[in-house]
Undergrad: 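First, the structure itself, so that you have it in front of you.
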Amino acid sequence: MDEIQEKTVLLKLRGVTKDFPSGDDVLHVLKGIDLNIYENEFLVVYGESGCGKSTLLNIIGGMDTLTAGDITAFGKDHVHISEKELTQYRRKNVGFVFQTFNLLPNLTARENVQFIADLVEDSMDAGEAIEKVGLRERAKHFPGQLSQGQQQRVAIARAIVKRPKLILADEPTAALDYATSIEVLSVIENIVKTEGTTVVMVTHNAEIAKMADRVVRLSDGKLSELRSNAKPLKAVELSW
Amino acid sequence: MKYTRSLDAVRNIRRHKASYISIVLIAFLGVAAFLSMSYSSYALKKAASKAYREMEFRELEIVSPLMLTQEDLKMIRGTEGVVEAEPVYLSGGVALCGDAHKSVSVLSLTEKVNSAKTIRGAEPKESNECAVEQRLAQELDLKVGDEIYIVSSDGSSPTYLMQERFTVTGILLHPNHTNPTSPETPYILVAPDAFDHAALDDCIMAVEVKTAKDRAEVEERLTQLGRERYMKRHAALLWKQEEAAEPVVRMAETEGLLPKDTPFYEAVEIVRKKAETGEIPETYRKLVEEYINTFDRLNLLEKESWIINDETANIDYVSMKIDCENITKLELSFSLLFILIGAMVIYATIGKMIDEQREQIGGMKAFGMKGSEIFSKYLLFGVSSTAIGMLFGVLAARFVFEGFVLHSYSRYYTYDIKHPVIAWIPTGIVFIIGITLAVLAAYIACRRLLRLAADRLIRPQVPQFRPKASAGRLTMFSLYGRLIFRNMRSDKKRIAVTVAAVAGCCALIVTGFTLKSSMSGSVARQYTQIVRFDEKIRYRTQEAGQMIEGILRGNGLSYVAVHETYIRYQMGDATLGRLWCGNLSKVRDYLQMTDWKTGHELKTDEKGVYIQRRIAEIYDLQVGDELKLLTEDLQTGSVRIAGIFENYIGSNVMMDRETFVKQFANEPEPNVFLVRTGKSEVSGLSEQIGKVEGFESMEAADAERTMFESLTSVVNGVILLLVFLAALMAAVVLSNLAHMYMLQKEKELTIMRINGFTVSETVGYMVRDTIITTLAGIVIGCAAGSGMAYYIIRSLEQPFTRMIRSVSPMAWLIGAGITLVFTVLVHAVILRKIKYMKLSDLTAA
């Protein structure tokens with residue numbers, strides 16, 4: 001169990017287990033995870049490839065269901081929840097940043113952000129979101145005309161435009177070089193500071209974990225370590 | 001191909017099995033629809049060829065208005081290129097068997113040309129024996145051993161036959177009548193000795209000829225021979241007339257009407273004038289009239305010649321040719337559209353599948369694989385799926401659909417046509433086209449991608465339009481709407497293929513239903529608007545006519561009398577027509593004659609002939625042109641066209657009495673009543689009239705309707721088969737296109753769902769695109785379908801049928817409705833997947 005925090009708990013995971021069928025066998029990916037996720041924190045989920053990081057992220061984000069255990073999100077039980085309610089949960093509360101950006105190719109950078117902003121009534125202005133990620137001059141460019149770092153920043157703008165309480169980032173820098181990764185991580189760092197959004201980021205890069213408020217280490221589907229960083233590093237201070 | 005590459009190619013097929021199966025099905029349907037028509041036409045021609053060959057069907061038939069002599073026959077046989085020439089004797093009459101009677105043609109048997117095929121019993125040998133055609137035997141319930149009587153139409157002894165009574169020795173099929181529903185009078189065949197050769201002056205009615213290979217040259221030689229021989233015969237007969245004139249001239253001299261030794265022609269003219277002014281004594285009047293008529297007829301025939309008919313003068317042969325042509329026309333129009341739609345969709349599917357793998361191709365390029373090595377994987381996909389589909393299509397065409405088509409046609413042939421075959425040439429052509437298409441589709445799509453650098457293939461594509469340019473025009477729409485338009489603009493090929501495929505499928509359905517509506521509409525118009533009588537009564541003698549007229553008056557029925565005879569148009573071919581001659585101002589109350597251009601009732605006060613629109617179109621005739629005719633007794637006429645009227649079924653020609661007399665030097669004695677019975681009981685009338693001596697037949701006005709509907713029911717059946725295949729094709733094509741689009745958009749849809757778009761919002765995003773392409777396809781399809789239907793209708797029309805050529809709104813409704821229903825069903829199934837999408841697959845990818 002982690003240390004008792006004074007911050008509000010956004011999500012509570014208790015005994016979360018996830019199994020996948022694999023031919024005649026069953027693959028136990030998550031083997032009983034207990035975790036609280038707090039408001040306005042930067043949480044890194046770290047572990048080697050195949051340890052269950054992305055699976056945990058999918059369950060937190062309502063994109064997948066758990067095999068056993070409990071999950072409460074924003075005070076609501078998420079185990080016995082309908083598909084429609086899950087959709088609403090993602091619509092109102094969660095923003096996503098993917099490893100491969102996944103922008104719509106036929107929309108410009110600003111339009112990609114606007115497309116998601118139109119889902120909620122109290123969204124940020126798309127231009128403002130683009131500005132926050134430092135891409136004002138590239139707002140009218142299509143994804144194919146942007147560098148990878150720029151595309152990922154657009155993805156971040158898209159994630160924040162709904163003013164979600166929670167942003168889930170699945171290895172957002174895995175496809176990027178060092179300099180670009182630092183760029184992106186700086187943006188994420190800034191979002192946490194200025195918007196008060198909770199960011200849960202999955203990474204296999206131990207160095208990135210140093211900038212988090214807390215680090216959850218997964219190993220073989222179990223929570224092997226949970227620690228807080230007393231002095232989280234800034235993005236520009238990271239080096240690998 | 002190395003082992004792992006082969007493995008990759010095979011697994012690529014498994015991974016894209018939905019597209020693979022779609023290509024197989026589309027190739028199957030396209031090829032089955034096309035080749036089933038091709039095979040059917042080939043099978044029909046082959047069966048006909050065999051049957052006509054076995055029956056030694058004549059290639060040429062020579063007839064003469066003055067009959068042919070034995071000397072003529074000898075000279076025909078001696079003409080270079082004539083292989084066989086057999087004489088034929090022919091007489092019209094009425095066959096009586098118990099209470100039953102039927103108009104027949106009595107024909108002499110031949111041995112080497114136009115040989116009849118005996119199906120029961122044996123051919124007649126003695127002069128008092130006969131064999132009957134199968135359809136006559138069925139109608140009169142005749143068996144071998146029965147006795148029949150053959151009399152003239154006026155009930156007297158048969159013209160040119162030695163006796164009246166014959167014993168049936170056999171039942172047979174004759175090559176001139178290969179259609180059991182043939183409109184021509186059935187045959188009774190007798191030995192040549194049954195004819196009275198003395199009465200015939202040893203002349204022959206016709207010569208049936210078989211020629212060597214250079215048929216056209218033989219025909220030319222016979223035509224030349226015919227002119228010479230005919231002139232000689234005409235001169236000889238004229239000379240005989242001079243001898244026959246002797247009793248007439250002697251009578252005129254005796255009665256003091258002529259000075260003695262008046263020259264022959266002058267004497268004839270004087271006698272004629274005396275006959276006109278009534279100066280000939282009563283006792284001699286008939287003799288003089290007969291002589292004058294024969295003399296005048298002989299003079300009229302002076303400029304004629306032998307008439308040499310080829311196979312096209314035989315209505316059943318022509319009917320068989322028309323059947324083959326109709327199937328070929330459907331093949332080259334309707335069925336060809338299947339191939340075009342199938343080809344387009346297969347091309348798009350293969351291209352799309354390759355486009356979707358651009359990143360993979362980029363990766364393979366980056367690894368140093370050659371273009372041909374990358375291409376081979378997609379070549380296998382395209383060629384194998386197309387080839388498998390085509391193979392199944394060939395089998396289905398041969399073993400299923402061809403049998404259906406041949407079975408539909410089989411009741412119109414006395415010989416067996418149900419021997420399905422494979423026509424190898426069209427099969428080969430279709431295979432070559434199909435494989436070439438598959439190779440080209442893979443090649444073009446691959447080449448386009450392989451020309452790009454590897455890194456460009458790996459990066460996302462940049463849309464080819466500028467946001468500023470589009471922004472101004474589309475700002476009225478929401479971002480959502482603008483995105484849909486941009487999706488369509490960035491994927492023009494898919495949009496074009498989808499619209500074209502939907503249009504093609506809709507067009508096929510609209511064409512089918514337009515054709516059906518046209519055929520049934522023609523029948524309805526003919527028998528509700530044009531034909532205004534209910535019964536047609538035919539009789540043989542004037543006395544019979546008077547008695548029948550009495551009965552009709554007694555029953556309070558309205559009627560008109562006409563002279564009915566059959567003619568052939570002599571405008572290059574020998575199409576059969578029906579001539580009605582009488583008081584046209586009364587006749588048109590019973591057969592509406594509407595001017596085909598103005599739509600108003602035609603005035604019939606002008607002298608000449610009135611023809612129907614279809615004949616005018618075929619022979620490119622206008623009012624004022626000359627129409628050449630040949631009557632049943634081989635008299636030719638050239639008549640001015642006084643009017644052209646609208647008609648759908650039958651081939652009718654109307655002529656006033658004066659024109660007829662002027663043309664043919666004969667009084668057109670009425671032999672038919674057109675009767676309006678209204679709601680009166682017909683069976684009672686039929687019974688009364690049936691007892692009249694000289695009555696021949698009474699048939700409903702829409703008797704031809706049955707024949708027309710029989711003919712069209714076959715074409716209808718074939719069209720229904722094609723519409724059924726069209727509906728299947730529509731389902732497969734729509735399903736394939738929807739599936740391809742779904743695959744293409746899967747990632748985008750997953751992102752939308754992850755970000756909180758509901759299932760219905762995500763489905764709506766997909767459906768809007770579909771609505772636009774489907775509606776566009778339906779509009780184009782309805783227009784194209786009507787156009788194609790018009791083309792097919794014009795090519796199916798015959799001299800005796802005209803179909804309604806206008807668009808059919810009902811067909812549009814049905815075509816649009818079926819297309820919409822299929823689209824909705826297909827998308828309901830495919831878009832259901834959105835609800836069950838695994839959102840976590842996006843992060844796993």
Side-chain angles (χ1 to χ4, degrees), chain A residues 18 20 53-55 57-59 61-65 83-84 86-96 98-112 114-120 126 139-148 151 155 158-159 161-162 164 168 170-171 202, chain B residues 358-359 452 455-471 474-475 477-491 744-762 765 769 834-845:
Chain A
K18 180 69 184 175
F20 289 103
K53 311 187 291 295
S54 294
T55 305
L57 205 74
N58 290 339
I59 289 170
M63 291 193 285
D64 203 353
T65 50
E83 179 56 43
K84 277 189 185 160
L86 265 181
T87 302
Q88 288 302 311
Y89 161 70
R90 291 196 304 274
R91 191 179 185 113
K92 288 180 180 153
N93 300 305
V94 188
F96 291 90
F98 304 101
Q99 178 179 333
T100 52
F101 333 132
N102 290 325
L103 299 175
L104 301 185
N106 283 341
L107 293 178
T108 61
R110 188 192 165 121
E111 286 168 346
N112 262 282
Q114 184 66 50
F115 192 64
I116 301 303
D118 288 343
L119 284 175
V120 297
K140 288 183 178 165
H141 290 250
F142 289 95
Q145 295 167 314
L146 302 173
S147 69
Q148 289 184 317
Q151 287 183 63
R158 183 176 67 176
V161 76
K162 286 191 294 188
L168 303 176
D170 189 355
E171 307 223 36
V202 158
Chain B
R358 61 182 277 132
E359 278 184 45
L452 301 172
D455 74 312
R456 268 197 71 186
L457 290 171
I458 293 165
R459 286 171 71 79
Q461 276 181 288
V462 178
Q464 296 305 308
F465 47 84
R466 288 160 55 195
K468 273 186 189 170
S470 63
L474 294 174
T475 44
F477 297 106
S478 66
L479 176 60
Y480 195 70
R482 292 204 303 271
L483 175 58
I484 289 164
F485 277 116
R486 282 199 207 148
N487 284 345
M488 292 172 72
R489 262 171 65 181
S490 68
D491 204 358
Q744 183 185 340
K745 289 290 179 192
E746 199 171 5
K747 202 169 168 189
E748 213 169 300
L749 299 177
T750 311
I751 296 166
M752 288 174 72
R753 288 284 291 128
I754 287 173
N755 277 286
F757 278 86
T758 60
V759 170
S760 50
E761 283 169 339
T762 314
Y765 171 68
D769 182 298
I834 290 176
K835 193 175 175 188
Y836 302 103
M837 276 164 113
K838 282 191 76 181
L839 306 181
S840 53
D841 284 350
L842 193 71
T843 52

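Protein chains get the first letters and strands the later ones, always in sequence-line order, with residue 1 at the start of each. Since we're looking at a predicted model, the values are computed, not measured. Computation of the quantities below employed the complete heavy-atom set of this structure, encompassing side-chain atoms and omitting hydrogens, waters and symmetry-equivalent molecules.
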Undergrad: Can you name the nearest heavy-atom pair linking E761(B) to L119(A), along with the distance?
TA: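 In this case the closest contact between E761(B) and L119(A) is OE1-CD2, 4.2 Å.
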Undergrad: Please check this pair: side chain of R486(B) against backbone of L107(A), looking for a donor-acceptor N/O pair closer than 3.5 Å.
TA: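 The answer is no, because no donor-acceptor pair under 3.5 Å joins these two groups.
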Undergrad: Any idea which of K162(A), K84(A), E171(A) has the most non-hydrogen atom pairs under 4.5 angstrom with chain B?
TA: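 So the answer, after comparing K162(A), K84(A), E171(A), is K162(A).
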Undergrad: Please tell me if the side chains of R753(B) and M63(A) come closer than 4.5 Å, counting only heavy atoms from C-beta onward.
TA: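 No - every pair of side-chain heavy atoms lies 4.5 Å or more apart.
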Undergrad: T87(A) and side-chain contact (heavy atoms from CB on, under 4.5 Å): which single residue from L839(B), T758(B), V759(B) fits?
TA: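 In the set L839(B), T758(B), V759(B), the residue that makes a side-chain contact (heavy atoms from CB on, under 4.5 Å) with T87(A) is T758(B).
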Undergrad: Tell me, for Q88(A) versus chain B, whether the close heavy atoms (under 4.5 Å) come from the side chain, the backbone, both or neither.
TA: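 Just its side chain gets close to chain B.
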Undergrad: Find out whether D64(A) and K838(B) are in side-chain contact, i.e. whether some heavy atom of one side chain is under 4.5 Å from a heavy atom of the other.
TA: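 Result no, sub-4.5 Å side-chain heavy-atom pair not found.
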Undergrad: If you measure from CG on N58(A) to OG on S840(B), what distance do you get to the nearest 0.5 Å?
TA: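 The CG atom of N58(A) sits 5.0 Å away from the OG atom of S840(B).
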Undergrad: First locate atom CG of N106(A), then atom CZ of R489(B), and finally report the distance between them rounded to the nearest 0.5 Å.
TA: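 Interatomic distance, N106(A) CG to R489(B) CZ, rounded to 0.5 Å: 10.0 Å.
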Undergrad: Taking only residues two or more places apart in sequence or in another chain, which ones pass side-chain hydrogen bond (donor to acceptor under 3.5 Å, both in side chains) with K747(B)?
TA: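 In terms of side-chain hydrogen bond (donor to acceptor under 3.5 Å, both in side chains), with neighbours along the sequence ignored, K747(B) is linked to N102(A).
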Undergrad: Considering residues, nucleotides and ligands other than K745(B), do more than 12 of their heavy atoms fall under 6.0 Å from its NZ?
TA: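 Yes - once you tally the heavy atoms of other residues, nucleotides and ligands closer than 6.0 Å, there are more than 12.
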Undergrad: Check whether N93(A) gets within reach of chain B through its side chain, its backbone, both or neither, counting any heavy atom under 4.5 Å.
TA: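 Neither part; nothing is under 4.5 Å.
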Undergrad: Please name the pair of heavy atoms, one in P105(A) and one in E748(B), separated by the smallest distance, quoted to 0.1 Å.
TA: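 Heavy-atom minimum between the residues: CD-OE1, 4.3 Å.
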Undergrad: Check whether any side-chain heavy atom of E111(A) sits under 4.5 Å from a side-chain heavy atom of L483(B), and report yes or no.
TA: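 Heavy-atom side-chain distance check fails, nothing below 4.5 Å.
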Undergrad: Tell me, please, which residues at least two apart from F757(B) pass ring pair (Phe, Tyr, Trp, His ring centres under 6.0 Å).
TA: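 Once residues adjacent in sequence are excluded, the partners of F757(B) under the ring pair (Phe, Tyr, Trp, His ring centres under 6.0 Å) criterion are F115(A).
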